[in-house]
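Just so it is clear, the structure is predicted and the values come from calculations on it, not from any experiment. Proteins get letters first, then strands, A, B, ... in listed order; numbering begins at 1 in each.
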2 protein chains.
Amino acid sequence: MDKRQQLMSELMDLCNEITWLNKPELESALNGFTLNEIELIEKIALIPNANVTKLAAASYMTRGAISKLTKKLIAKNMIENYQHATNKKEIYFRLTTIGQKIHHVHQELHRSFLDRDKEVFKHMTADEFDTIFRFIGRYRHHLKNITE
Amino acid sequence: MDKRQQLMSELMDLCNEITWLNKPELESALNGFTLNEIELIEKIALIPNANVTKLAAASYMTRGAISKLTKKLIAKNMIENYQHATNKKEIYFRLTTIGQKIHHVHQELHRSFLDRDKEVFKHMTADEFDTIFRFIGRYRHHLKNITE
DNA sequence: CTTTTATTGTTTCCTCGTCAACAATAAAAC
DNA sequence: GTTTTATTGTTGACGAGGAAACAATAAAAG
C-alpha cells in the first residue's frame with residue numbers, strides 16, 4: 001500500500017482507538033453527561049463569545065445539533081446565554097460556575113489519560129515532537145486553504 | 001498547555017477535519033451509500049472470514065449496529081454471507097461482484113484525496129515518515145497492552 | 001458424557017444528530 | 001432610503017447507532 005495512505009489510515013485508527021477507550025471513562029467519571037456535552041462545554045470555555053454557528057464549526061456538528069445540545073446544557077445549568085446590545089440575532093454562551101467545575105474535572109481527566117499513556121511520549125525527542133507538529137500543522141493549513 | 005496534550009488535541013482535530021471534508025465527497029460519489037456502509041464494505045474486503053463480532057471491533061461500533069448494517073448491505077446485494085460446515089453459530093461475510101466494484105471505486109476516491117493533499121507530503125523525508133509511523137505504532141501498541 | 005459458562009448474532013426500545021424548512025435579523029446591493 | 005441576499009438560531013420528521021435482553025450454539029469445567 002501507498003506509504004501516505006498507510007500513514008493516514010493508521011492515524012485515523014489511532015484516533016478512533018483513543019476515543020473509543022476514553023469515552024466510557026469520561027462518561028462514568030462525569031456521570032450524567034454525554035461525551036458530546038462534555039466536549040461542548042470544553043469548546044464554550046475555549047471560544048470567546050461562542051455562538052451556535054461557531055460551536056458547530058468547532059465541533060464538526062450541524063447547527064441544529066448544537067442548538068439542541070446548548071438547550072440541554074442550559075437546562076442542566078451548565079451554561080447560560082447572553083447577547084450584545086448591538087446585535088439582536090446572535091446568541092452567545094458562557095459557562096456557569098457549575099459548568100466551570102465540570103470543565104476542570106474534564107481537564108483533570110485528560111491529564112490522567114496522558115499519565116496513563118506517558119510511556120508513549122517518554123522517549124520522544126524534541127525533534128520528533130516538532131516533526132509531528134509540523135506535519136499536523138501543514139496538513140491543517142492545507143485543508144484550510146482548499147476549503148475556502 | 002502541555003506539549004503532549006496539544007499534540008493529541010491537534011491530531012484529533014486533524015482527523016475530524018479530514019473526515020468532515022471527505023464525507024460528502026464520498027457519499028455523493030458513491031450515491032446511495034452511507035459513509036459507514038462504504039467503510040464496512042472496506043473492512044469486509046480486508047478481513048478474512050469477517051463476521052459481526054470482528055467487524056464490530058474493527059469499526060468501533062456495537063455488534064447490534066453491524067448486524068443491521070450487514071442486513072442492509074445484503075439487501076443492496078453488496079455482500080453475501082456464508083458459514084463453515086464445522087460451526088453453526090458464526091456467520092461470515094464476503095463481497096459480491098457489485099460490492100467489489102464499489103470497493104474499487106472507494107479506493108480510487110482515496111487515491112484522489114491523497115492527490116488533493118499531495119503537497120502536504122511532498123517535502124517529507126523518509127525519516128519524518130518513520131518518526132510519525134513509530135509514534136503511531138508505539139501508541140497503538142500501548143493501547144493494545146492496557147486493554148487486554 | 002453432563003453441566004456450566006462464554007460467545008455468537010439478533011431484536012426492541014430509545015437517544016442523539018442530521019436534514020430541510022422556517023422566521024428573524026443583519027448585510028449587501030441598488 | 002428600499003430591496004435583495006445571506007446568516008442566525010430553531011424546529012419536526014427521520015434515520016442511525018447504542019444498550020440491553022434474548023435464543024442458539026460453542027467451549028470449558030466437572
Side-chain angles (χ1 to χ4, degrees), chain A residues 16 19-28 30-41 43-44 47 49-76 79-94 148, chain B residues 16 19-24 26-28 31-41 43-44 47 49-76 79-94 148:
Chain A
N16 283 332
T19 304
W20 184 258
L21 178 63
N22 291 352
K23 185 178 184 226
E25 285 202 50
L26 282 168
E27 290 187 342
S28 76
L30 292 162
N31 206 310
F33 291 96
T34 289
L35 179 56
N36 275 340
E37 290 175 347
I38 299 168
E39 288 180 343
L40 190 60
I41 289 177
K43 300 264 164 46
I44 292 172
I47 301 172
N49 293 322
N51 61 3
V52 166
T53 300
K54 285 191 218 166
L55 288 170
S59 309
Y60 308 97
M61 286 202 270
T62 60
R63 283 177 301 159
I66 300 294
S67 181
K68 292 169 191 171
L69 265 177
T70 50
K71 275 198 185 317
K72 276 178 59 182
L73 287 177
I74 288 175
K76 290 181 179 179
I79 65 175
E80 58 193 6
N81 57 27
Y82 62 98
Q83 291 191 279
H84 287 155
T86 53
N87 191 319
K88 280 187 278 187
K89 191 167 63 167
E90 300 189 351
I91 303 168
Y92 309 101
F93 303 99
R94 64 179 158 229
E148 66 190 16
Chain B
N16 282 332
T19 304
W20 184 258
L21 178 64
N22 291 353
K23 186 179 184 228
L26 281 168
E27 290 186 344
S28 76
N31 206 310
F33 292 95
T34 288
L35 178 57
N36 275 339
E37 290 175 346
I38 299 167
E39 288 181 343
L40 191 60
I41 289 176
K43 301 263 166 43
I44 292 172
I47 301 173
N49 293 322
N51 61 3
V52 165
T53 299
K54 284 191 217 166
L55 288 170
S59 309
Y60 308 97
M61 286 203 269
T62 60
R63 282 176 301 159
I66 300 295
S67 181
K68 293 168 196 168
L69 265 177
T70 49
K71 276 200 185 313
K72 277 178 59 183
L73 288 178
I74 287 174
K76 290 180 179 180
I79 66 175
E80 58 192 7
N81 57 26
Y82 62 98
Q83 291 190 279
H84 288 156
T86 52
N87 191 320
K88 280 187 276 186
K89 190 167 63 167
E90 301 188 352
I91 302 168
Y92 309 101
F93 302 99
R94 64 180 158 225
E148 66 190 15

So what does B/Ala65 hit on the nucleic acid, given a heavy-atom distance under 4.0 Å: a base, only sugar-phosphate, or nothing? sugar-phosphate
Provide, to the nearest angstrom, the distance between the CG atom belonging to B/Leu35 and the P atom belonging to D/dG15. 19 Å
Any A/Lys72 side-chain N or O less than 4.0 Å from OP1/OP2 of C/dC16: yes
When the distance from CD of A/Glu37 to P of C/dC16 is rounded to whole Å, what number comes out? 7 Å
DNA chain C nearest-nucleotide lookup for A/Gly64 and A/Thr86: closer to the 5′ end is A/Gly64
Does any non-hydrogen side-chain atom of A/Ile91 lie less than 4.5 Å from one of A/Val52? no
Hey, does the side-chain of A/Lys54 have a donor or acceptor N/O within less than 3.5 Å of a partner on the base of D/dT8? no
Using a 3.5 Å distance criterion without hydrogens, assess whether the side chain of A/Lys76 forms a donor-acceptor pair with backbone atoms of A/Gly32. yes
Would you say the side chain of B/Lys89 and the base of C/dT8 hold a donor-acceptor pair, judged only by whether the two atoms sit under 3.5 Å apart? no
B/Leu55 has an atom CG; how far is it from atom C1' of C/dT7, in whole Å? 16 Å
Measuring from the side chain of A/Lys88 (C-beta onward, heavy atoms only), which nucleotide among C/dT25, C/dG17, C/dT11 has the closest atom? C/dT25
Whole angstrom value for the distance that separates P of D/dA20 from NZ of B/Lys68: 14 Å
Given DNA chain D, 5'-ward residue of the pair B/Leu69 and A/Ile66, judged by closest heavy atom: A/Ile66
Is A/Thr53 near enough to D/dT7 that one of its side-chain N or O atoms lies under 4.0 angstrom from OP1 or OP2? no
Please give, in whole Å, the distance from C/dT10 C1' to B/Lys71 NZ? 7 Å
Evaluate the criterion side-chain hydrogen bond (donor to acceptor under 3.5 Å, both in side chains) for residue pair B/Tyr92 and B/Glu90; output intermediate values, then yes/no. CA-CA 7 Å; B/Tyr92 309 101; B/Glu90 301 188 352; 2.7 Å; yes
Indicate, yes or no, whether a donor-acceptor pair under 3.5 Å links the base of D/dG18 to the side chain of A/Lys23. no
Kindly point out which of D/dA19, C/dA26, C/dT7 is positioned nearest to the side chain of B/Thr62? D/dA19
Could you tell me how far apart A/Met61 (CE) and C/dT15 (C1') are, to the nearest whole angstrom? 14 Å
Consider the side chain of B/Glu90, meaning its heavy atoms from C-beta on, and name the nucleotide among C/dT8, D/dG17, C/dT25 that approaches it most closely. C/dT8
Nearest whole Å is fine: how far is C/dT8 C1' from B/Asn81 CG? 14 Å
A/Thr70 side chain vs A/Ile66 backbone, donor-acceptor pair below 3.5 Å: yes
Starting at atom CG of A/Asn51, determine the distance to atom P of D/dG9, rounded to an integer number of angstrom. 4 Å
With a cut-off of less than 4.0 Å, is there a side-chain N or O of B/Asn87 near OP1 or OP2 of D/dA26? yes
Is B/Lys23 positioned over the aromatic face of A/Tyr60, cation under 6.0 angstrom from the ring centre and no more than 45 degrees off axis? no
